[in-house]
Each structure stands twice: as C-alpha cells, then as structure tokens.
Enquirer: 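Let me give you the structure first, and then I'll get to my questions.
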2 protein chains.
Amino acid sequence: MTIQDERAESPGRPQRADARRNHDLLLRAARELFDEEGDTSMEAIAKRAGVGVGTLYRHFPRRIDVVEAVYRDDVDQVVAVAERDVATMTPWEAVDSFLHAFVTYAFGKRRFLTELREAFEKNPELRCDARERLEAAIRLVVERGQGAGVVRADVTGDEVFGLLGPMCTSASLTREQCDRLVGMVLDGLRPPVAATR
Amino acid sequence: MTIQDERAESPGRPQRADARRNHDLLLRAARELFDEEGDTSMEAIAKRAGVGVGTLYRHFPRRIDVVEAVYRDDVDQVVAVAERDVATMTPWEAVDSFLHAFVTYAFGKRRFLTELREAFEKNPELRCDARERLEAAIRLVVERGQGAGVVRADVTGDEVFGLLGPMCTSASLTREQCDRLVGMVLDGLRPPVAATR
DNA sequence: GCACTAAGTGGAGGGACCCTCCGTATAATA
DNA sequence: TATTATACGGAGGGTCCCTCCACTTAGTGC
C-alpha cells in the first residue's frame with residue numbers, strides 16, 4: 001500500500017525500526033492535522049510528527065501520497081469498527097452504532113474532500129477499493145440485522161451506503177442535521193409493521 | 001456580476017476606458033489559459049493579457065474571482081449558442097447543433113473542474129444560477145423541437161441536461177466516446193415510431 | 001488646449017508552500 | 001567493534017498568491 005509496505009516485502013534488509021516508527025508518527029500527525037485544520041502543509045505534518053521534512057518526503061514522496069495513506073487508514077478504521085460492532089453487540093445495536101460511526105467518519109471528511117478528489121483522479125483504483133471495502137462493511141452489519149429479523153429485508157447495504165455517503169458530503173447539512181437524519185434512517189430500517197391499510 | 005459591473009452602476013465617475021479594455025483582455029486571457037493548460041497562474045494570466053499582476057488583482061481581487069468570471073462567461077456563451085440556433089435553424093437542426101455545442105463546452109470544463117468546485121463552495125449561488133441558465137437554454141431548444149413534433153414529448157429538457165452534464169464530467173470517457181453517445185441520445189430523442197409489438 | 005485629480009497601472013517583494021539535495025547520523029550486520 | 005546500507009534533517013530553489021505604493025493617465029472643468 002504505502003512505500004514502506006512495499007519495501008518491507010522486497011528481499012534485502014528489512015526496514016529499519018526508526019523508519020517504521022517515523023512512518024507511523026507521520027501518518028498519525030497527518031490525520032490529526034487534516035481533521036483539525038481540514039487542510040495542512042507538509043512542513044506542519046513533519047513538525048507535528050517531530051521529524052524533518054526530508055523524512056516526510058522519504059516516506060511519502062508527494063503530498064498526494066500522504067492524502068492517500070490517510071484515507072486508506074481511515075477506511076481501515078471504519079471497517080474495523082464494523083467488525084468490532086458485529087462481534088460485540090446485538091444485531092440491532094451494531095446497526096445503530098455502526099451507522100452513527102460511519103456518519104461521524106464521513107462527515108469529518110468534508111473539508112478533506114478537495115484533496116481526496118485529487119487523489120482519486122491520480123489513482124482511480126483508490127476510489128474503487130475504498131468504496132468496495134466501505135460497502136462490504138455496511139453489508140456486514142446490515143445483513144446480520146436482516147438475518148436476525150431486526151432490519152427490513154427490502155433494502156441492501158449498498159443502498160444504505162448510497163443514501164448516507166452523499167448526505168454527509170453535502171455541504172449544506174450541519175452535523176446536527178446529519179445526526180437527526182441518521183436517526184430517521186435507522187427508524188426506517190426497522191422491519192415495517194404489518195400493513196394496516 | 002464582476003466588480004466592474006458593480007462599479008459601473010455606482011453614481012460617481014464611470015469606469016475608465018482603459019480599465020474596461022483591460023478587464024476584457026484579462027477575461028479573454030484567463031479563458032484561453034484555462035482551456036489550454038487546464039490550470040494556470042495569476043502571473044501567466046496577466047502576462048498573456050499584457051498587463052501587470054497589480055492590474056489583474058485590481059479587477060479580480062482573488063484567484064477564485066477569475067475562475068468565477070470565466071465560468072459565468074462560458075455559461076453566457078452556451079446560452080447565446082442556444083438562442084442563435086433557435087433563431088437560425090430548423091427545430092431539429094437546432095437540437096442537434098446545440099447538444100453538440102453543449103457537450104463541447106462541458107467536456108472542455110473537465111480539467112477546470114477542481115477550480116470550479118472551489119468557486120461553487122465559496123459562492124453556492126453561482127452553481128444555482130449557472131444550472132438554471134443552462135437548463136433554460138436546453139429547454140428552449142428541446143421544447144421548440146417538441147412543439148414542432150421532431151422531438152419525443154415524454155422527456156424534458158432538464159432531464160437531457162441531467163443526462164449529458166454528468167457524462168461530460170465523467171473522467172473515464174474520452175471525447176470521441178462523448179460524441180458518439182450524443183449521437184445516440186439524439187437518435188433517442190426523435191419521436192418513437194408507432195409501437196409495432 | 002490645459003491643469004487638476006481620481007482612477008488605474010506595474011512590478012518588486014513578502015510569505016507560504018512543495019519538493020530536492022546532500023552532509024550527517026544511526027540501526028543492523030558480521 | 002567496524003562496516004555499511006539505510007534513514008534523517010533542514011537549508012534552499014522554484015513557484016504561486018497576493019499586497020503595496022510610487023508612478024501614469026483618462027476624464028473633467030475652466
């Protein structure tokens with residue numbers, strides 16, 4: 001995925017311990033800054049990580065590589081949340097928890113979006129990978145709920161993704177509005193009571 | 001719309017002739033450069049227009065203002081093409097001509113899109129205005145065709161806009177593919193022959 | 001025509017940013 | 001411990017956006 005991952009697999013010497021540590025520090029620093037500022041500079045990332053810019057560029061040759069790495073990491077975390085919720089909660093709790101977590105994640109990406117679009121343009125595979133993994137995470141949670149009969153059967157996880165993703169990236173909705181809408185979507189996801197009309 | 005337009009309306013002295021001339025030169029230079037390079041610098045725009053950067057900034061205080069002005073100008077041109085086609089061509093010729101012109105216009109905006117999105121974010125009204133004017137232009141042409149019976153009646157101009165706009169901005173289609181698809185859409189726009197099944 | 005003045009112009013330079021280069025430092029190995 | 005490939009740091013080159021202000025000029029009233 002990243003340069004380090006690739007190098008670690010090549011035959012020669014393994015990656016040095018300080019390099020791996022710095023890689024993690026840089027990734028964490030970058031995510032923090034993108035979250036806090038929505039936009040940031042290479043110098044700021046290096047400073048926050050406590051290394052020189054030269055080190056940053058050794059790990060991420062171009063700015064866009066930082067953006068891509070942060071995004072991949074974010075997707076990993078969303079997937080991990082889905083797996084954790086499925087493993088530790090009741091079917092409905094997992095749906096409720098994960099959908100809220102997903103919206104929190106996606107909403108936080110709004111200011112990051114311009115950068116992300118450039119990364120998608122440079123590397124279209126990134127978009128497809130991320131989409132597939134996110135949809136798989138939602139499916140995991142939703143289909144479990146459907147299997148347990150606590151989620152209506154006439155909707156797919158992918159459709160829920162198609163509903164919530166664009167909602168979060170819509171510039172006109174506030175965080176509070178998104179949360180209320182998720183609540184509404186959750187109510188709608190419950191199996192319909194027998195039709196009374 | 002632009003600063004000059006506003007100033008010209010204010011009571012004091014009218015805008016000086018050289019200022020208006022430079023405004024036009026700058027706008028033309030900016031459009032040329034955006035078309036040719038897809039991206040450009042303020043220095044390059046000023047140089048192409050034959051003025052100093054100070055003059056550019058007097059007319060367009062921020063880079064985003066140049067982007068906005070170029071875009072508004074582009075929309076004006078599309079609208080003008082629609083009006084010209086309607087005035088000088090048969091109903092079907094106008095549909096054919098305008099749809100091709102529209103795709104040429106929209107396709108050319110692809111590399112400009114990142115800049116444009118920023119302008120939309122800064123000024124959401126721009127997006128709405130442009131959309132309304134473009135839809136009105138398509139409606140003008142399509143509804144005239146429908147009135148003359150050369151365009152099927154069960155489709156609206158806005159729907160055609162919704163079909164062609166995203167097609168042009170889709171990064172995965174080449175210019176040739178867009179043209180062939182327009183040809184296909186045009187065939188589909190003809191009134192269906194009486195159903196034979 | 002002429003002098004006056006508000007409007008307009010040009011471009012050096014400040015500051016931010018991306019990225020490169022290379023001398024220095026250090027982890028892994030023998 | 002000596003060796004060496006690997007990794008680090010940060011000065012500085014190049015580009016870009018934008019500001020500032022001394023200078024120029026178009027329009028106005030006489």
Side-chain angles (χ1 to χ4, degrees), chain A residues 2-27 29-30 33-34 37-70 112 114-115 118-119 122, chain B residues 2-27 29-30 33-34 37-70 112 114-115 118-119 122:
Chain A
T2 68
I3 295 212
Q4 279 58 39
D5 295 336
E6 283 162 13
R7 281 214 189 131
E9 289 163 18
S10 63
R13 288 190 182 186
Q15 188 184 39
R16 266 167 53 169
D18 54 347
R20 172 142 295 276
R21 181 166 36 82
N22 282 334
H23 176 84
D24 293 345
L25 286 173
L26 284 165
L27 203 53
L33 283 167
F34 276 122
E37 320 285 340
D39 184 23
T40 189
S41 71
M42 296 299 265
E43 275 77 6
I45 295 171
K47 192 175 177 187
R48 165 88 54 130
V51 305
V53 284
T55 300
L56 172 51
Y57 278 93
R58 160 166 284 268
H59 287 275
F60 304 97
R62 330 219 71 181
R63 181 188 164 76
I64 208 81
D65 298 319
V66 182
V67 173
E68 176 171 336
V70 167
F112 187 56
T114 305
E115 310 261 8
E118 275 175 51
K122 178 206 160 204
Chain B
T2 68
I3 295 215
Q4 279 59 40
D5 296 336
E6 283 164 12
R7 283 218 186 125
E9 290 164 16
S10 65
R13 290 188 178 186
Q15 188 183 39
R16 268 166 53 167
D18 54 346
R20 172 142 297 275
R21 181 166 36 81
N22 282 334
H23 177 84
D24 293 345
L25 286 172
L26 284 165
L27 204 52
L33 284 167
F34 277 123
E37 320 285 341
D39 183 24
T40 188
S41 71
M42 298 297 268
E43 275 78 6
I45 294 171
K47 191 175 179 187
R48 164 89 53 130
V51 305
V53 284
T55 301
L56 171 52
Y57 277 94
R58 161 164 282 269
H59 287 274
F60 304 98
R62 331 219 73 183
R63 181 188 165 76
I64 209 79
D65 298 320
V66 182
V67 172
E68 177 170 336
V70 168
F112 186 57
T114 305
E115 310 261 9
E118 274 175 53
K122 177 205 161 205

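Values below: every heavy atom of this structure, side chains too, minus hydrogens, waters and symmetry copies. Just so it is clear: chains get the letters A, B, ... in the order the sequence lines come, proteins before strands, and each one is counted from 1.
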Enquirer: Just the rounded figure in Å: distance from C1' of D/dT19 to CG of B/D65.
Expert: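 In whole Å, D/dT19 C1' lies 15 Å from B/D65 CG.
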Enquirer: Could you give the NE2-to-P distance, from B/H23 to C/dA7, as a whole number of Å?
Expert: 18 Å
Enquirer: Could you check if a side-chain atom of B/L27 sits within less than 4.5 angstrom of a side-chain atom of B/H59, using non-hydrogen atoms only?
Expert: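 The answer is no; the side chains never approach within 4.5 Å.
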Enquirer: Can a donor-acceptor pair under 3.5 Å be found between the side-chain atoms of B/R16 and the base atoms of C/dA7?
Expert: yes
Enquirer: Could you tell me how far apart A/R58 (CZ) and C/dT26 (P) are, to the nearest whole angstrom?
Expert: 16 Å
Enquirer: Heavy atoms from C-beta onward define the side chain here; which of D/dC17, C/dG8, C/dA28 lies closest to that of B/D18?
Expert: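 The closest nucleotide is C/dG8.
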Enquirer: Nearest to the side chain of B/A19, heavy atoms from C-beta on, is which of D/dA7, C/dT9, D/dC17?
Expert: C/dT9
Enquirer: What's the CG-P distance between B/L56 and C/dG10, to the nearest Å?
Expert: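 Result: 11 Å.
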Enquirer: Report the nucleotide, chosen from D/dG9, D/dT28, C/dT9, that has the shortest atom-to-atom distance to any side-chain atom of A/V51.
Expert: D/dG9
Enquirer: To the nearest angstrom, how far is B/L25 atom CG from C/dG8 atom C1'?
Expert: 14 Å
Enquirer: Starting at the 5' end of DNA chain D and moving along, which residue's nearest nucleotide shows up first, B/R21 or B/T40?
Expert: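 Residue closer to the 5' terminus by nearest nucleotide: B/T40.
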Enquirer: Separation of A/I45 atom CD1 from C/dC19 atom C1', in whole Å?
Expert: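 Taking atom C1' of C/dC19 as the reference, CD1 of A/I45 is at 13 Å.
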Enquirer: According to a strict under-4.0 Å criterion, is A/T55 in side-chain N/O contact with OP1 or OP2 of D/dA7?
Expert: no
Enquirer: Between D/dC18, C/dT9, D/dC8, which one does the side chain of B/V53 approach most closely?
Expert: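 Nearest to the side chain of B/V53 among the choices is D/dC18.
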Enquirer: Please determine whether a side-chain nitrogen or oxygen atom of B/N22 lies at a distance below 4.0 Å from atom OP1 or OP2 of C/dG8.
Expert: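 No, because none of the side-chain N or O atoms of B/N22 sits under 4.0 Å from OP1 or OP2 of C/dG8.
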Enquirer: Looking at the side chain of A/S41, which of C/dA6, D/dC8, C/dC18 is the nearest nucleotide?
Expert: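 Of the options given, the side chain of A/S41 lies nearest C/dC18.
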Enquirer: Think A/H59 has a side-chain N or O under 4.0 angstrom from the OP1 or OP2 of D/dC8?
Expert: yes
Enquirer: Look at the side-chain N and O atoms of B/R63 and state whether any lies under 4.0 Å from the OP1 or OP2 oxygen of D/dC17.
Expert: yes
Enquirer: Can you measure from NZ (A/K47) to CG (A/L33) and round to the nearest 0.5 angstrom?
Expert: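 That separation rounds to 11.0 Å.
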Enquirer: Quick check: does any side chain N or O of B/D24 sit under 3.5 Å from a backbone N or O of B/R21, one acting as donor and the other as acceptor?
Expert: no
Enquirer: Look at the aromatic rings of B/H23 and B/F60 and report parallel, tilted or perpendicular, splitting at 30° and 60°.
Expert: parallel
Enquirer: Which whole-number value in Å describes the distance from B/Y57 OH to D/dC18 P?
Expert: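 So the two atoms are 4 Å apart, to the nearest Å.
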Enquirer: Of the options D/dT28, D/dG10, C/dC17, whose atoms approach the side-chain atoms of B/P14 most closely?
Expert: D/dT28
Enquirer: How many Å lie between CD on A/Q15 and P on C/dT29, as a whole number?
Expert: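 Going from CD in A/Q15 over to P in C/dT29 covers 13 Å.
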Enquirer: Please tell me which of B/M42 and A/G54 maps to the more 5' nucleotide of DNA chain D, matching each residue to the nucleotide holding its nearest heavy atom.
Expert: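 The residue mapped nearer the 5' terminus is A/G54.
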